[in-house]
Number of protein chains: 2
Amino acid sequence: MEHSERQWPFGRQAVIGLLTEYGIQPTQQRVDIAGILFDHPQHMSADQVLTCVNKSRPTVSKATVYNTLGLFAEKGLIRQVIVDPNRVFYDSNNLEHHHLYNIDTGKLVDIPVGHLKVEGLPELPHDVVAEGVEVIVRVRNKPTRLFP
Amino acid sequence: MEHSERQWPFGRQAVIGLLTEYGIQPTQQRVDIAGILFDHPQHMSADQVLTCVNKSRPTVSKATVYNTLGLFAEKGLIRQVIVDPNRVFYDSNNLEHHHLYNIDTGKLVDIPVGHLKVEGLPELPHDVVAEGVEVIVRVRNKPTRLFP
DNA sequence: ATTGGTGCAAAGGATTTGCAGTCTA
DNA sequence: TAGACTGCAAATCCTTTGCACCAAT
């Protein structure tokens, strides 16, 4: 089952079910972390997750956040999005989609596959297998006109 | 002028001309670094450049390599390619193109725009301007079959 | 009991920065 | 000579690791 079939936001029970489906033992801190990611489809850096999960009271350590996000990504529960050299984002939207990245603000937005198509991909060398095709549209803020 | 109109490999004089065109003062080490990048179209990490430029004899420090690559990218002479969370690649191919990245080997290969097309991009918000559209095809080595 | 998970602090690697010395125009 | 550019080392930032403790089966 693809978790996108479920309803957002995921409740605590749904999150536990989700982890289990992906072969991840649902421990306290893993559920806490997943609970944040799956509140709604979003992109977060490890640091944002750390801050957010410990907002009410410190429950999860930095190392655990990194380990957990790494685990989630490895299991296919979330996706790493690499658009900024300074940090990795983790994406809880499991539907196929692409990204729009604002270089100035660091804001990352989904582009649904919708009618966006990539055509004419070259043949792959015979010794490799495709892992994914990603389209990244980079934008920056429109500069304020100095001379209108 | 787009530097891709020139001939590869760029000779030392052509490199100096190139830097000048891009408003970059052609100092000794900048020319050395650019000389490597523009020997042929390629992707290199800062570390690779550092190693390569100092192959014959140490001429450039690590800090200068980073600063210089940053400057080149800022001036539009080369492009940053962000496909690996562990390092940034710098791309001396100025023609529009996309990338094929082998996660296992870390090898990065160009995909000429040729017949590859991206269609159906959504409209951009009014307050931003497009900086570039990039397609990244990620592949990994075909696993050795344990049970053929 | 055994296995797996977590926290903490220390280690690591990539990149940046501060500052004094050096080069260029 | 003034302004730019470099080198070096120290400083940062993000991320991973080592290891002892805790939790669940």
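Residue numbers start from 1 in every chain, and the chains themselves are labelled A, B, ... in the order their sequence lines are given, proteins ahead of strands.
Comparing A:Thr64 and B:Asp47 against DNA chain C, the residue whose closest nucleotide sits nearer the 5' end is A:Thr64.
What you find for A:Leu116 and B:Leu121 is that their closest heavy atoms are CD1-CD2, 3.5 Å. Across all their heavy atoms, B:Ala34 and B:Val15 have their closest contact at CB-CG1, 3.4 Å. Considering every non-hydrogen atom in both A:Ile82 and B:Val83, the closest pair reads CD1-O, 3.6 Å.
None of A:Leu69, A:Asn94, A:Asn93 except one satisfies the side-chain contact (heavy atoms from CB on, under 4.5 Å) rule with A:Ile78; the exception is A:Leu69. For the ring-ring contact (aromatic ring centres under 6.0 Å, His included) criterion with A:Phe38, the lone passing option out of A:Tyr22, A:Trp8, A:Phe72 is A:Trp8.
A salt bridge does not link A:Lys117 with B:Glu119: every distance from a Lys NZ or Arg NE/NH1/NH2 to an Asp or Glu carboxylate oxygen is 4.0 Å or more.
Looking only at side-chain heavy atoms (C-beta outward), A:Asp32 and A:Arg12 come within less than 4.5 Å of each other. At a threshold of 4.5 Å between non-hydrogen side-chain atoms, the residues A:Val88 and A:Val81 do not count as touching. B:Lys107 places a side-chain heavy atom less than 4.5 Å from the side chain of B:Val109. Residues B:Ile24 and B:Arg30 form a side-chain contact, since some pair of their non-hydrogen atoms from C-beta on lies under 4.5 Å apart. Two residues are said to be in side-chain contact when any heavy atoms from C-beta on lie closer than 4.5 Å; B:Asp91 and B:Gln80 fail this criterion. No side-chain heavy atom of A:Val139 sits less than 4.5 Å from a side-chain heavy atom of A:Ile103.
Once you apply a 4.0 Å limit to the heavy atoms of chain B, the touched nucleotides of DNA chain C run 5' to 3' over C:dA14 to C:dT17. Read 5' to 3', the first and last nucleotides of DNA chain D with an atom closer than 4.0 Å to a heavy atom of chain B are D:dA4 to D:dA9.
Inter-axis angle, ends of the helix from C:dA1-D:dT25 to C:dA25-D:dT1, five pairs per end, rounded to 10 degrees: 20°.
Remark: side-chain polar atoms of A:Thr20 are paired, donor with acceptor, to backbone N or O of A:Ile16 under 3.5 angstrom.
Residue pairs meeting the ring-ring contact (aromatic ring centres under 6.0 Å, His included) criterion with at least one member in residues 75-99 of chain A, sequence neighbours excluded: A:His43-A:His99, A:His97-A:His99.
Only B:Gln25, B:Thr27, B:Gln29, B:Arg30, listed by number, bring a heavy atom of residues 24-31 of chain B to less than 4.0 angstrom from any atom of DNA chain D. Within residues 65-75 of chain A, no residue has any heavy atom closer than 4.0 Å to DNA chain C.
Using modelled atom types, one finds a donor on one side chain and an acceptor on the other under 3.5 Å when comparing B:Asn141 with B:Asn102.
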